[in-house]
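Here the structure is laid out as structure tokens; the discussion comes afterwards.
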Protein chains: 2
Amino acid sequence: MALKNHQPLDPAYLEKLQDYYAEHKVIPSYSVLATLWGISAKSWVSECVRRFEEAGFLDWTPDRQLKPGARFFERRLAHDTVQAGLPNPALADGYDLVTIDDYLIRVPSKTSLVRVKGESMIDAGIHDGDLIVVEQQPNANVGEIVVAIVDNEFTVKYLDREKGTFVLKPANKAFPVIRPRGRLEIFGVMAGLVRSTR
Amino acid sequence: MALKNHQPLDPAYLEKLQDYYAEHKVIPSYSVLATLWGISAKSWVSECVRRFEEAGFLDWTPDRQLKPGARFFERRLAHDTVQAGLPNPALADGYDLVTIDDYLIRVPSKTSLVRVKGESMIDAGIHDGDLIVVEQQPNANVGEIVVAIVDNEFTVKYLDREKGTFVLKPANKAFPVIRPRGRLEIFGVMAGLVRSTR
DNA sequence: TAAATTACAGAACGATCGTTCTGGTGTCAA
DNA sequence: TTGACACCAGAACGATCGTTCTGTAATTTA
């Protein structure tokens, strides 16, 4: 058979696995891996899995089920200095950071997302349509950006204090300071920000 | 046997599964699920899985492997209008969005992260220390925010055209327009932004 | 209080799993 | 020219998989 040696080694395999995982959130069985990689021998799949395991991209659960390894989610945090001559700077040495979720979310059960409406916090780099990562908690410190509930609506503002009472200050001179009539109801404090631009 | 009816129905099962998944990034087999849930009959596991599947928390790959369903990762996107009387607005009805990773990353194998240095894009809401989600591609359109390689360093700027040649424009009047001497080397285009504030 | 219904246990079964072994190419250095 | 090695195919095998069936105790409904 005139099959060419078309597989450029391991990286292509890993990418296909990562894309599969991105779609299904699961590591497939060896036979599915075989078709995914264009291989028709489970023995060779076994060998490749062993190598990925050695490299830290795959791992096993205590019950000996295949699972993503520590480096599997590794998304290159590209370094600011690029070594000359490298065709792809992002593939240079050194990696960091796992998933973005882990980067932003410390307590999943207390974290939710709030979509920003309006330009009142634009000077803090918070734009209309951005998602605020909120850690829910009933109180906050002055100076923190909080998500408060005012008139049954979420509001993102700086928390400040004026003459003994809390006020909400926007980061935009065109907007007024909010001085709640009754008790200020705090939903949580901002822990991060997410913006999609595509 | 004086076994009490200790399982408070489904929610506890789901939480245990989510915790297991958070640790291993994989859906376990029925027998592991059985021990995880404190059940000793695979038939009952099968029934529970069927219910979670019906509710949208579990799903199947084309190869009939169990995988997380659409609602499995469900992190509440709190709505901007809060129903009065609800103790926890984030737990109100309606859900959206899966993981933040999925929200930002479309092609994992071509996506990397670049940390922003400096204030040159501050008017675009991009601050020092933010992470830019970059989709790697060799060219881009005028008006897009691109990550380019200038003097062996990453630079985030608007792509623009001046008299037939591409230039990089900052979003900050205090910074100059960059006019590359040779060919402009584009690393990729900005697909999103991530900021951690804690 | 009788009758469903729900929530499990236990076993049987064929299908599929991952491992392992043998064997066949192609490439490259000696 | 000849090993040596990397890359892959194919088949055999026991273990484990998920399905399905029967049975039972507790709870709910009528």
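Proteins come first, then strands; the chains are lettered A, B, ... in the order of their sequence lines, and each starts at number 1. As the structure is a computational prediction, the values presented were derived from the model and not from experiment.
Following rounding to the nearest Å, A/K42 (NZ) and C/dC17 (P) show an atom-to-atom distance of 6 Å. Nucleotide D/dT16 holds its C1' atom 12 Å from the CD atom of A/Q65, rounded to whole Å. Atom P of nucleotide D/dG18 and atom CD of B/E53 are separated by 14 Å, given to the nearest angstrom. Atom CD of B/E47 and atom P of D/dG23 are 19 Å apart (whole Å). Rounded to whole Å, atom C1' of C/dT6 lies 13 Å from atom CZ of B/R50. Rounded to an integer number of Å, the gap from B/I27 CD1 to D/dG18 P is 12 Å. B/W44 has its CH2 atom 18 Å from the P atom of D/dT24, to the nearest Å. As rounded to whole Å, 12 Å separates atom C1' of C/dT6 from atom OH of B/Y13.
With C/dT19, D/dA9, C/dA9 as the choices, the nucleotide that has an atom nearest any side-chain atom of A/W60 turns out to be C/dT19. The listed nucleotides are D/dG18, C/dA9, C/dT19; the one nearest the side chain of B/S29 is D/dG18.
Within the model, atoms CD1 of A/I132 and CG of A/L113 stand 9.5 Å from one another, a figure rounded to the nearest 0.5 Å.
When hydrophobic clusters are built by joining Ile, Leu, Val, Met, Phe, Trp and Tyr residues whose side-chain heavy atoms come closer than 4.5 Å, directly or via intermediates, B/I178 is grouped together with B/L184.
Checking B/F52, B/F57, B/Y21 one by one against B/F72, the ring-ring contact (aromatic ring centres under 6.0 Å, His included) holds for a single residue, B/Y21.
For B/R51, a side-chain nitrogen or oxygen approaches OP1 or OP2 of C/dA7 to under 4.0 Å. When the side-chain nitrogen and oxygen atoms of A/Y30 are compared with OP1 and OP2 of C/dT20, none of them lie within a distance under 4.0 Å. Applying the 4.0 Å criterion to OP1 and OP2 of C/dG18, one finds that A/S31 has every side-chain N and O outside that range. Between B/S46 and D/dT19 there is a side-chain polar atom (N or O) within less than 4.0 angstrom of OP1 or OP2. Listed pair A/R64 / C/dT19 meets the phosphate criterion, a side-chain N or O lying under 4.0 Å from OP1 or OP2.
The backbone N or O of A/E119 sits less than 3.5 Å from a side-chain atom of A/N172, completing a donor-acceptor pair.
Computed from C1' positions of five pairs at each end, the angle between the two local axes of the helix from C/dT1-D/dA30 to C/dA30-D/dT1 equals 30°, rounded to 10 degrees.
Taking the six-membered ring for Trp and thresholds of 30 and 60 degrees, A/W37 and A/Y13 have nearly parallel ring planes, at less than 30 degrees apart.
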- B/K42/B/S31 under side chain to side chain donor-acceptor pair (under 3.5 Å): CA gap, chis, key distance, verdict: CA-CA 6 Å; B/K42 279 198 293 180; B/S31 44; 6.0 Å; no

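The stretch residues 188-198 of chain A participates, sequence neighbours left out, in these side-chain hydrogen bond (donor to acceptor under 3.5 Å, both in side chains) pairs: A/D130-A/R195, A/R198-B/E135.
Counting any heavy atom pair closer than 4.0 Å across all strands shown, A/S43 reaches a base atom.
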